Amino acid sequence: MRIGLLIPTLNAGPRWHAALRALSLQDLRPDRLLLIDSGSQDGTVEAARAHGFEIVEIHREQFDHGATRQLGLDRLADCDVVICMTQDAIAAAPDTLSKLAAGFADGQVAVAWGRQLPHDDANPIAAHARRFNYPGRSRQVRSQDIPTLGIKAAFCSNSFAAWRQTALRAIGGFPSQTLLGEDMLSCAKLLQAGWTSAYVAEAAVHHSHNYSATEEFRRYFDTGVLHSREAWLIDAFGRAEGEGLRFIRSEWQALAEHGSAWRLKALLNNAAKFSGYALGRRYQRLPKRLVPRLSMHPRWWRALR
């Protein structure tokens with residue numbers, strides 16, 4: 001089985017060097033390493049080239065979460081499995097990649113995604129989000145699990161996920177013109193086509209964000225846009241609101257030991273999430289000039305026009 005590694009970048013910053021060091025220590029060396037860069041000016045490309053990456057450079061305005069990754073998969077067409085990572089995901093152990101790749105020993109697995117642990121600087125809110133969404137027990141998800149899991153059945157993250165090329169090509173590859181969520185959309189289609197999604201908790205990376213309330217608003221606005229533009233996802237898998245309420249209850253309990261200030265911040269963040277999501281679902285009713293200002297990815301809207 002030939003394995004490729006694909007990472008999109010833009011001014012990856014200080015963590016990029018730690019990510020490259022962690023990759024150089026892996027007991028599984030991918031057959032090909034591919035970087036797609038959107039105009040970095042901080043040495044990101046030069047550092048990757050020194051670690052053996054092939055480089056594809058695109059204009060910043062060309063970046064699209066789905067189409068850019070599909071460009072990478074097309075360049076890695078000779079690889080049976082392609083591992084996708086983001087520039088701020090750092091392998092947690094030398095066997096991180098090999099354990100993720102082991103998920104494909106089952107021929108029905110089309111996507112295997114790994115556990116995400118908080119970075120050392122993660123605040124209590126960010127740390128809880130990782131524990132909630134990425135538990136310590138592995139599992140497989142199939143189409144028959146959709147009625148029980150709802151939209152959670154399609155959850156996976158291209159911050160650290162691997163894809164079987166033949167399966168992904170069979171559903172048309174990653175979708176283009178995706179504001180975000182190309183991973184969830186693809187996973188959902190694979191489940192509908194009879195494939196299996198494997199969560200491999202033994203394969204872990206460090207990856208987290210200390211989002212402000214404004215950033216949470218923008219992120220969930222984009223999620224609402226996604227669910228509006230891809231209405232079939234909600235129709236087939238169910239709404240996300242129930243999962244959100246379960247998260248809030250879990251977060252409230254987890255933050256008890258950190259004091260009322262963190263609980264207050266969590267309340268503000270969650271209010272921002274719900275309002276952002278609600279507006280995103282109704283983005284078509286908003287003034288067109290306002291929409292990019294509410295989004296975490298304003299450049300995407302300009303490219304869409």
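Quick caveat, the model's predicted, so the values are computed rather than measured.
- Nearest approach of Met85 to Ala89, heavy atoms of both residues: CE-O, 3.7 Å.
- With a 6.0 Å radius and a threshold of 12 heavy atoms from other residues, nucleotides or ligands, Asp78 has its CG atom above the threshold.
- In this structure, the side chain of Ser295 does not engage the main chain of Pro292 through any donor-acceptor pair within 3.5 Å.
- With hydrogens and angles ignored, the 3.5 Å screen pairs no side-chain donor or acceptor of Glu182 with any backbone N or O of Ala67.
- Judged by distance alone, with hydrogens and angles left aside, the side-chain atoms of Arg75 form no donor-acceptor pair with the main-chain N or O of Leu71 at under 3.5 Å.
- Counting heavy atoms of neighbouring residues, nucleotides and ligands inside a 6.0 Å radius, atom CZ of Arg293 does not exceed 12 of them.
- Distance check: Asn158 CG to Met184 CE gives 11.5 Å after rounding to the nearest 0.5 Å.
- Considering all non-hydrogen atoms of both residues, Gln116 and Ser157 come closest at NE2-OG, 3.0 Å.
- Within the 4.5 Å cutoff, side-chain heavy atoms of Leu279 are placed close to those of Phe217.
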Verify side-chain contact (heavy atoms from CB on, under 4.5 Å) between Leu6 and Trp163, making sure each step is shown before the conclusion.
CA-CA 11 Å; Leu6 169 63; Trp163 303 83; over 6 Å; no

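- For Leu20 against Ala48, the heavy-atom pair with the smallest separation is CD1-N, 4.0 Å.
- Cluster annotation: Leu286 and Val225 are assigned to the same hydrophobic cluster (Ile/Leu/Val/Met/Phe/Trp/Tyr, side-chain heavy-atom contacts under 4.5 Å, transitive).
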Side-chain donor/acceptor pairs under 3.5 Å, residues 172-180, sequence neighbours excluded:
{"from": "Thr178", "atom 1": "OG1", "to": "Asp64", "atom 2": "OD1", "distance (Å)": "3.2"}
{"from": "Thr178", "atom 1": "OG1", "to": "Gly66", "atom 2": "N", "distance (Å)": "2.8"}

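- Here the closest heavy-atom approach between residue Ala47 and residue His17 is recorded as CB-CE1, 4.1 Å.
- Residues Gln192 and Phe237 meet the side-chain proximity criterion, which asks for heavy atoms closer than 4.5 Å.
- In this structure the side chain of Val141 never reaches within 4.5 angstrom of the side chain of Phe155, judged on heavy atoms.
- Using a 4.5 Å cut-off between side-chain heavy atoms of Ile, Leu, Val, Met, Phe, Trp and Tyr, with links allowed through other members, Leu264 and Ile248 fall into different hydrophobic clusters.
- One hydrophobic cluster holds both Leu290 and Trp301 under the rule that ILVMFWY side chains link at heavy-atom gaps under 4.5 Å.
- Ring-plane geometry between His65 and Phe63 is classed as perpendicular, the angle between the planes exceeding 60 degrees on a 0 to 90 degree scale with a lower cut at 30.
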Would you give me the side-chain donor-acceptor pairs under 3.5 Å for residues 94-113, sequence neighbours excluded?
{"from": "Asp95", "atom 1": "OD2", "to": "Lys99", "atom 2": "NZ", "distance (Å)": "3.1"}
{"from": "Thr96", "atom 1": "OG1", "to": "Ala92", "atom 2": "N", "distance (Å)": "3.4"}
{"from": "Thr96", "atom 1": "OG1", "to": "Ala93", "atom 2": "N", "distance (Å)": "3.1"}
{"from": "Thr96", "atom 1": "OG1", "to": "Ala93", "atom 2": "O", "distance (Å)": "2.9"}
{"from": "Thr96", "atom 1": "OG1", "to": "Ala204", "atom 2": "O", "distance (Å)": "3.1"}
{"from": "Ser98", "atom 1": "OG", "to": "Asp27", "atom 2": "OD1", "distance (Å)": "2.9"}
{"from": "Ser98", "atom 1": "OG", "to": "Asp95", "atom 2": "O", "distance (Å)": "3.0"}
{"from": "Asp106", "atom 1": "OD1", "to": "Gln108", "atom 2": "N", "distance (Å)": "2.9"}
{"from": "Asp106", "atom 1": "OD2", "to": "Gln140", "atom 2": "NE2", "distance (Å)": "3.3"}
{"from": "Trp113", "atom 1": "NE1", "to": "Ser197", "atom 2": "OG", "distance (Å)": "3.1"}

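- Between Tyr134 and Tyr199, the ring planes lie tilted relative to each other; the angle falls in the 30° to 60° range.
- Taking all atoms of both residues into account, the shortest heavy-atom contact from Asn210 to Ala126 is OD1-CB, 3.4 Å.
- Taking hydrophobic clusters as Ile, Leu, Val, Met, Phe, Trp and Tyr residues chained together by side-chain heavy-atom distances below 4.5 Å, Ile146 shares a cluster with Trp232.
- With rounding to the nearest 0.5 Å, the separation of SG in Cys79 from CD in Gln165 is 7.0 Å.
- Using a 4.5 Å cut-off between side-chain heavy atoms of Ile, Leu, Val, Met, Phe, Trp and Tyr, with links allowed through other members, Val200 and Ile83 fall into the same hydrophobic cluster.
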Show the numbers, then the answer: is there a side-chain contact (heavy atoms from CB on, under 4.5 Å) between Leu34 and Val82?
CA-CA 10 Å; Leu34 180 65; Val82 175; over 6 Å; no

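- The distance from the OG atom of Ser212 to the CG atom of Leu268 is 11.0 Å, given to the nearest 0.5 Å.
- If you take CG on Leu5 and CD on Gln26, they are separated by 9.5 Å, rounding to the nearest 0.5 Å.
- Closest non-hydrogen pair, Val205 versus Ala91, comes out as CG1-CA, 4.0 Å.
- Among residue pairs with one or both ends in residues 139-154, those qualifying as salt bridge (Lys or Arg N to Asp or Glu O under 4.0 Å) are Lys152-Glu243; sequence neighbours excluded.
- Ring geometry for His128 against Phe247 counts as tilted: the plane angle lies between 30° and 60°, on a 0 to 90° scale.
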Audit row: Ile234, Arg281, side-chain contact (heavy atoms from CB on, under 4.5 Å) steps and yes/no
CA-CA 12 Å; Ile234 301 300; Arg281 290 277 290 174; 3.9 Å; yes

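- The closest donor-acceptor contact from the side chain of Ser40 to the backbone of Asp42 lies at 3.5 Å or more, if one exists at all.
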Under 3.5 Å, which donor-acceptor pairs link side chains of residues 7-16 to any protein atom two or more places apart or in another chain?
{"from": "Thr9", "atom 1": "OG1", "to": "Asp37", "atom 2": "OD1", "distance (Å)": "2.7"}
{"from": "Asn11", "atom 1": "OD1", "to": "Gln41", "atom 2": "N", "distance (Å)": "2.6"}
{"from": "Arg15", "atom 1": "NH2", "to": "Asp121", "atom 2": "OD1", "distance (Å)": "2.8"}
{"from": "Arg15", "atom 1": "NH2", "to": "Asp121", "atom 2": "OD2", "distance (Å)": "3.0"}
{"from": "Trp16", "atom 1": "NE1", "to": "Thr44", "atom 2": "O", "distance (Å)": "3.1"}

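- Rounding to the nearest 0.5 Å places CG of Leu191 at 7.5 Å from OG1 of Thr196.
- Sorted by first and then second residue, the salt bridge (Lys or Arg N to Asp or Glu O under 4.0 Å) pairs with a member in residues 183-207 form an empty list; sequence neighbours excluded.
- Contact of the Ile171 side chain with the Leu168 side chain is registered, since non-hydrogen atoms from C-beta on lie closer than 4.5 Å.
- Between Tyr211 atom OH and His209 atom NE2 the span is 4.0 Å, to the nearest 0.5 Å.
- Considering only heavy atoms from C-beta on, Leu190 stays 4.5 Å or farther from Arg164 through its side chain.
- Evaluation of the salt bridge (Lys or Arg N to Asp or Glu O under 4.0 Å) test over residues 215-226, restricted to residues two or more places apart or in two chains, returns Glu216-Arg219.
- Looking only at side-chain heavy atoms (C-beta outward), Arg32 and Arg2 come within less than 4.5 Å of each other.
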Candidate pair His207 and Asp88, rule side-chain contact (heavy atoms from CB on, under 4.5 Å), full reasoning:
CA-CA 6 Å; His207 180 251; Asp88 56 345; 3.2 Å; yes

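- Ser208 places a side-chain N or O within donor-acceptor distance of the main-chain N or O of His119, the cut-off being under 3.5 Å.
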